[in-house]
Amino acid sequence: MADTLTVRQSGHATVQDLGRPGRSRYGLPVNGALDQYSARVANALCGNDDTDPLIEITALDFSCTPSTDVLVAVTGAPADLTVDGIPQPQWEPLAVRGGQTLAVRGIRLGLRVYLAVYGSVHAESLLGSCAPDTILGFGRFLRPGDDLALGAQCPPIGHPEFRHPLFRIRPPRPRFGESWTIDVTDGPDIAEFGDSAGRLLSSAYVVTPSSNHIGLRMSGPVPQRVASGEVLSRGVPVGAVEVPAGDQLLVLHRGRGVTAGYPVLAVVTSTSLSPLGQARPGHTIRFRHRTVAEAVAAHRTERAVIRSVRHRAAAVLQSLDLPVLTRR
Amino acid sequence: MAEGALIADCGDSAIVVKALDGDAEHRWRVVHSLADAIEDAGLAGVHGVVPTYDSLLVEFDPGLTDHEAVRRMVRRAAGAQPGSGRRPAPKRFVVPVVYGGEHGPDLPEVARQLGITEREVVEIHSGAVLTVRCLGAPVGAPMMDGPPFPRPVPRLASPRTSVPPGSIAVAGRQAVICPLRSPGGWPLLGRTPLRILDLGSEQLTPYQPGDEFRFVPIEPGQWDDYAGSALAAGHG
């Protein structure tokens, strides 16, 4: 029988990847990991491709047991990470022996934790991605007893006597907390809000419970559209800050429908989508203005950081005679 | 094109192009031809185009290209032959609809807001051939020109959290079929028993922009005659 990762406590976890791009013309949202920085780093630490399937654990405790020795990396929100009850570090590769239980408990100061496995896990794919799409009804939450097939064998790694951390790759860890600063650029329809547009940057907003991977609803002083007239549906980007009728902001995330009829006041920068994906109901959001040039620079810096993590991790894996399995 | 369209940044990973010249039909042709040209150009880093009625969103990875390169490509594509390009002959779809009642809970309110009777709403909605302008939210939905109601239809003050699959909705000057269960803020006039999407096919939808829909009223008792059948092009 193939080697597997057996889910014990499933919480609220799914197999996930970076999403299903290139199909927005056909009305398909991109979906994928809500905190793409943490997801990419988890895979990079394991020598995987950025786009390889990994496990996204949302809010609730999760545990699993590999049938053979594996190398994993756990990133995302702070949590109590243990292997057979012994605390282990997040944001570093971690060797787990076959039969041991890896547990992620007490997720806090954020919402989502990412668990990548060297060689990845097998996942059913739709149109080139395993990312769940709740509207299409594709993908599902993991259940206790699920066996995820492992993509590669991994020889045992680790000192037989000592529990020193084996790896010190030290990728930059984002700041987690209960209040978040989210960068935005001006939206294409900012002029429709007149002077009230400035409220977005001067106010604090609270994430409401009716928030999910499609969008976050936030309460607070809402800018008011001064222009009138009907808006024909048009394409809206992930990160669009919209003001529907009512007293809440709607900030679209990766599950967003590709078209909408509301004016776009601002757009969350691509690097800020990751912290936004960690914000819980009750957390506070403050928006900070960035120019498009500043946002692009931040995006490129973040990608360079991920490349550097990948190179360092690959060097370590190769020194252990572990083939780095990236396809590209 | 330089005068005929507005190009604006839409965050760090997209630009939006809005066609301004000509009538609605021309603007629609322009944005869809541009989308075709951009896909054909295959610029590295560009991963999505969303042409709708008079607007085009171009999505890209700013680590692989940049706003100026994408703008240049759009201007070049627009300079070629705006509004021309491949458009296959339209397919025609006939969609049976149970109007009103539990399937179209907003029919009375829409009639009241338009100042006409429910019967007139149904007659106008089912009396026109509606052209699909784009595939949109929630997923692959055929977004059409609205039927010739006397004025735009307001959206619901409080969107529904769950709209049943096959629901027939209108808003503003637009019309749509909701293919799958999803949240929605458009008033519902009725519901079709047909299956709209083919989840097993690569294209998902049997229709594409430019195709034409006609809605035909059926009685609630006829629902089961159509239930489970797939939407398919016909000769209606």
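Naming convention: chains lettered A, B, ... in sequence-line order (proteins, then strands); numbering from 1 in each chain.
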Heavy-atom distances under 4.5 Å only: say whether [X] touches chain B with side chain, backbone, both or neither.
X	value
A:R234	both
A:I135	both
A:V236	backbone
A:P188	both
A:V231	backbone
A:R290	neither

Against chain B, work out which of [options] has the most heavy-atom pairs shorter than 4.5 Å and name it.
options	value
A:G137, A:S24, A:A295	A:S24
A:A266, A:G261, A:S270	A:S270
A:P237, A:G257, A:P21	A:P237
A:T291, A:L232, A:V258, A:V264	A:L232

Using a cut-off of under 4.5 Å for heavy-atom pairs, which of [options] has the most such pairs with chain A?
options	value
B:K18, B:Q208, B:M143	B:M143
B:P51, B:P165, B:A171	B:P51
B:P209, B:A8, B:P152	B:P152

When rounded to the nearest 0.5 angstrom, what distance separates [atom1] in [X] from [atom2] in [Y]?
X	Y	atom1	atom2	answer
A:S233	B:R133	OG	CZ	13.5 Å
A:L127	B:L204	CG	CG	5.5 Å
A:T259	B:Q174	OG1	CD	8.0 Å
A:R25	B:T52	CZ	OG1	11.0 Å
B:L197	A:L136	CG	CG	7.5 Å

Can you tell me which portion of [X] sits under 4.5 Å from chain A's heavy atoms? Options are side chain, backbone, both or neither.
X	result
B:L57	side chain
B:R173	both
B:V16	side chain
B:P179	neither
B:S182	both

Flag if over 12 foreign heavy atoms under 6.0 Å of CG, A:D195: no
CD/A:E124: more than 12 non-hydrogen atoms of other groups inside 6.0 Å: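 At most 12 heavy atoms, drawn from other residues, nucleotides or ligands, come within 6.0 Å of this atom.
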B:D66 side chain near A:V296 side chain, heavy-atom distance below 4.5 Å: no
Heavy-atom side-chain proximity of B:E59 to A:V30 below 4.5 angstrom: no
